[in-house]
J.: 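One structure follows; several queries about it will come next.
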Amino acid sequence: MDIVAPPAPGKLEDLRRRFFATPLQAVMSLICLAILAFIVWKLLNWAVFQAVFTTSGGPEACQAAAGACWSVIAARWRIILFGLYPYEEQWRSALACVTVLSCIPAFWTGRRIALVWGIGTTLFYVLMKGGVLGLPFVGEEAWGGLALTLFIFVTTCLIGFPLAICLALLRRSELPWISRTTGLIIDGVRSLPLISILFTFAIVLPFALPQWLQGDKLYRVILGSALFFSAYQAEIVRGGMQGVAKGQEEAAMALGMRYWQRIGRILLPQAMRNALPATINQFVISFKETSLVVIVGFFEILASGNAAYGTGEWRFAYVEVYAFIAFIYFIFVFSLSRYGAFLERRMSVSER
């Protein structure tokens, strides 16, 4: 006699078993649902139903309303997104952001990283600074808003990622004095907060360097941020290397591959696949940490938001400004996370 398996429970049955299995569980589920519905209703009522979206009435119309004042975004969005960048040239800042973001779909192969991101960053820099192709010159001191945030993030990753690979390889060296010295550098950088590193590179370092070697403060800050990024990313890469079976490198040596052939064709591709989730997480952290540069005097998107409501007429609308900035951060962080998941699926497909 054949044994017939019982049918799988439907979605409603599964929800009943999960949240309404017992009377007490059912009561608690209903209470939590009511609290959640109340919070959602209050949020929608404040953000949508009673909110002010137009700038026709000015700040006075917002002060009389019971909901959010999104008029401040409509009136001050240029300051939030572009900061101190000249008003007539803000199209260049917007185009620069689009240029660098368009490189993202192509960064999952090593060759495209070097080519596409190198070209994209160069175009970004040319558009932002100008001085060529008939574009008026705009110094780094006038950069700000979202464009400055993206520039710091992208250049930090472009400089820090190759440096992290070099540090990870040096830490795996068979020569003790190389591996221990590299480990001391990595652990020393990781033991310091990013704020102290940014402050050192921006303020303290010029006193220890000759005038011709100091460079602009923005680039010193980027180097400090890249060093901090590379110290953490080096340990992530090293962990991915340790996850590669030892027989892989031994087999490559048996085939007569040289050291850099083994590293570039066997070890690093598998190590980066193993380290991909942690690497995407490090990218997300680095993007959010760009907000710390406001401490050393840069007008990134958070500082631009402060300036947007800093005038007397919009001072009461700081919650709406910060909510808008938080939404921008969420869009970028969520996009990075989803793109990381896409890369994981793509790599798992290619592995099968």
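Predicted model only: the values in this text are computed from it and were never measured. Keep in mind that the numbers below use all heavy atoms, side chains included, and drop hydrogens, waters and symmetry copies.
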J.: Is there side-chain contact between Ser304 and Leu81, with at least one heavy-atom pair below 4.5 Å?
T.: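 Counting from C-beta outward, Ser304 and Leu81 never come under 4.5 Å.
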J.: Please table the atom pairs, donor to acceptor, closer than 3.5 Å between any side-chain atom in residues 321-332 and protein atoms at least two apart or in another chain.
T.:
residue, atom, partner, partner atom, Å
Tyr322, OH, Asn306, OD1, 2.5
Tyr322, OH, Tyr309, OH, 3.0

J.: Please report the interatomic distance CG(Leu223) to CD1(Ile197), rounded to the nearest 0.5 Å.
T.: 12.0 Å
J.: Sort and list the pairs that fulfil salt bridge (charged side-chain N to carboxylate O under 4.0 Å, His left out) and have at least one residue in residues 118-127, not counting sequence neighbours.
T.: none
J.: Among pairs that include at least one residue of residues 162-205, which meet ring-ring contact (aromatic ring centres under 6.0 Å, His included), considering only residues two or more places apart or in two chains?
T.: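 Qualifying pairs: none.
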J.: Quick one: which residue pairs count as a side-chain hydrogen bond (donor to acceptor under 3.5 Å, both in side chains) with a foot in residues 280-291, not counting sequence neighbours?
T.: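 Counting only pairs at least two positions apart or across chains, no side-chain hydrogen bond (donor to acceptor under 3.5 Å, both in side chains) contact touches residues 280-291.
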J.: Would you please indicate yes or no on a ring centroid separation below 6.0 angstrom for Phe283 and Phe287?
T.: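 Centroid separation for Phe287 and Phe283: 6.0 Å or greater.
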J.: Count I, L, V, M, F, W, Y as connected when their side-chain heavy atoms are under 4.5 Å apart, and connections chain through other members. Are Tyr125 and Leu127 then in the same cluster?
T.: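 No; Leu127 is not reachable from Tyr125 via cluster members.
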J.: Identify each donor-acceptor pair in which a side-chain atom of residues 34-52 lies under 3.5 Å from a protein atom, sequence neighbours left out, and give them as a table.
T.:
residue, atom, partner, partner atom, Å
Asn45, OD1, Gln50, NE2, 3.3

J.: With sequence neighbours excluded, what pairs up with Lys217 under the salt bridge (Lys or Arg N to Asp or Glu O under 4.0 Å) test?
T.: none
J.: Give a yes or no on whether Met241 and Ile236 share a hydrophobic cluster (residues Ile, Leu, Val, Met, Phe, Trp, Tyr; joining criterion: side-chain heavy atoms under 4.5 Å apart).
T.: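 The answer is no; the residues belong to distinct hydrophobic clusters.
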J.: Under 3.5 Å, which donor-acceptor pairs link side chains of residues 142-171 to any protein atom two or more places apart or in another chain?
T.:
residue, atom, partner, partner atom, Å
Trp143, NE1, Val138, O, 3.3
Trp143, NE1, Gly139, O, 3.3
Thr149, OG1, Gly145, O, 3.3
Thr149, OG1, Ile301, N, 3.3
Thr155, OG1, Phe151, O, 2.5
Thr155, OG1, Ile152, O, 3.3
Thr156, OG1, Ile152, O, 2.6
Thr156, OG1, Ser225, OG, 3.3
Arg171, NH1, Glu235, OE2, 2.9

J.: To check you understand the geometry: which heavy-atom pair defines the closest contact between Leu267 and Arg172, and what is its length?
T.: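 Reported closest heavy-atom pair: CD2-NH1, 3.5 Å.
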J.: If hydrophobic residues (ILVMFWY) are linked whenever their side-chain heavy atoms come closer than 4.5 Å, directly or via other members, who joins Met28 in its cluster?
T.: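 Reading the cluster by chain and number, Met28 sits alongside Leu24.
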J.: Please find the pair of heavy atoms, one from Ser93 and one from Met128, that lie closest to each other, and give the distance.
T.: CA-SD, 3.7 Å
J.: Are Phe82 and Leu84 linked, directly or through intermediate hydrophobic residues, by side-chain heavy-atom contacts shorter than 4.5 Å (ILVMFWY only)?
T.: no
J.: If you take all heavy atoms of Ala307 and Ile79, which pair is closest and at what distance?
T.: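 Shortest heavy-atom contact: CB-CG2, 4.2 Å.
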J.: For Ser337 and Val284, what are the C-alpha separation, side-chain angles and deciding distance, and is it a side-chain contact (heavy atoms from CB on, under 4.5 Å)?
T.: CA-CA 8 Å; Ser337 301; Val284 169; 4.2 Å; yes
J.: Could you give the distance from CG (Leu268) to CZ (Arg262), rounded to the nearest 0.5 Å?
T.: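 Here the rounded value is 12.0 Å.
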J.: Could you list the donor-acceptor pairs under 3.5 angstrom formed between side-chain atoms of residues 184-194 and any protein atom two or more places apart in sequence or on another chain?
T.:
residue, atom, partner, partner atom, Å
Ser191, OG, Asp187, O, 3.4
Ser191, OG, Gly188, O, 2.6

J.: Verify the cluster assignment for Val221 and Ile195: are they in a single hydrophobic cluster under the rule of side-chain heavy atoms below 4.5 Å apart?
T.: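 Yes; Ile195 is reachable from Val221 via cluster members.
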J.: Using the ring-ring contact (aromatic ring centres under 6.0 Å, His included) criterion, which residues pair with Phe299? Sequence neighbours excluded.
T.: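 With neighbours one apart ignored, the set is empty.
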J.: Do Ile203 and Leu218 belong together in a cluster built from hydrophobic side chains that touch within less than 4.5 Å?
T.: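 Hydrophobic grouping puts Ile203 apart from Leu218.
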J.: For the atom pair CZ (Phe298) and CG (Leu198), what is the distance rounded to the nearest 0.5 Å?
T.: 9.5 Å
J.: Indicate the atoms forming the closest heavy-atom contact of Asn274 with Gly240, along with that distance.
T.: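 Heavy-atom minimum between the residues: ND2-O, 3.3 Å.
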J.: Applying side chain to side chain contact (heavy atoms under 4.5 Å, CB included), name anything that partners Ser179, two or more places apart in sequence or on another chain.
T.: none
J.: Please enumerate all residues that pass side chain to side chain contact (heavy atoms under 4.5 Å, CB included) together with Tyr87, with sequence neighbours excluded.
T.: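 So Tyr87 forms a side chain to side chain contact (heavy atoms under 4.5 Å, CB included) with Arg78, Gln90.
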J.: Within the structure provided, determine whether Phe334 and Arg338 are in side-chain contact (heavy-atom separation under 4.5 Å).
T.: yes
J.: What heavy-atom pair brings Trp91 and Glu88 nearest, and what distance separates the two atoms?
T.: CD1-O, 3.4 Å
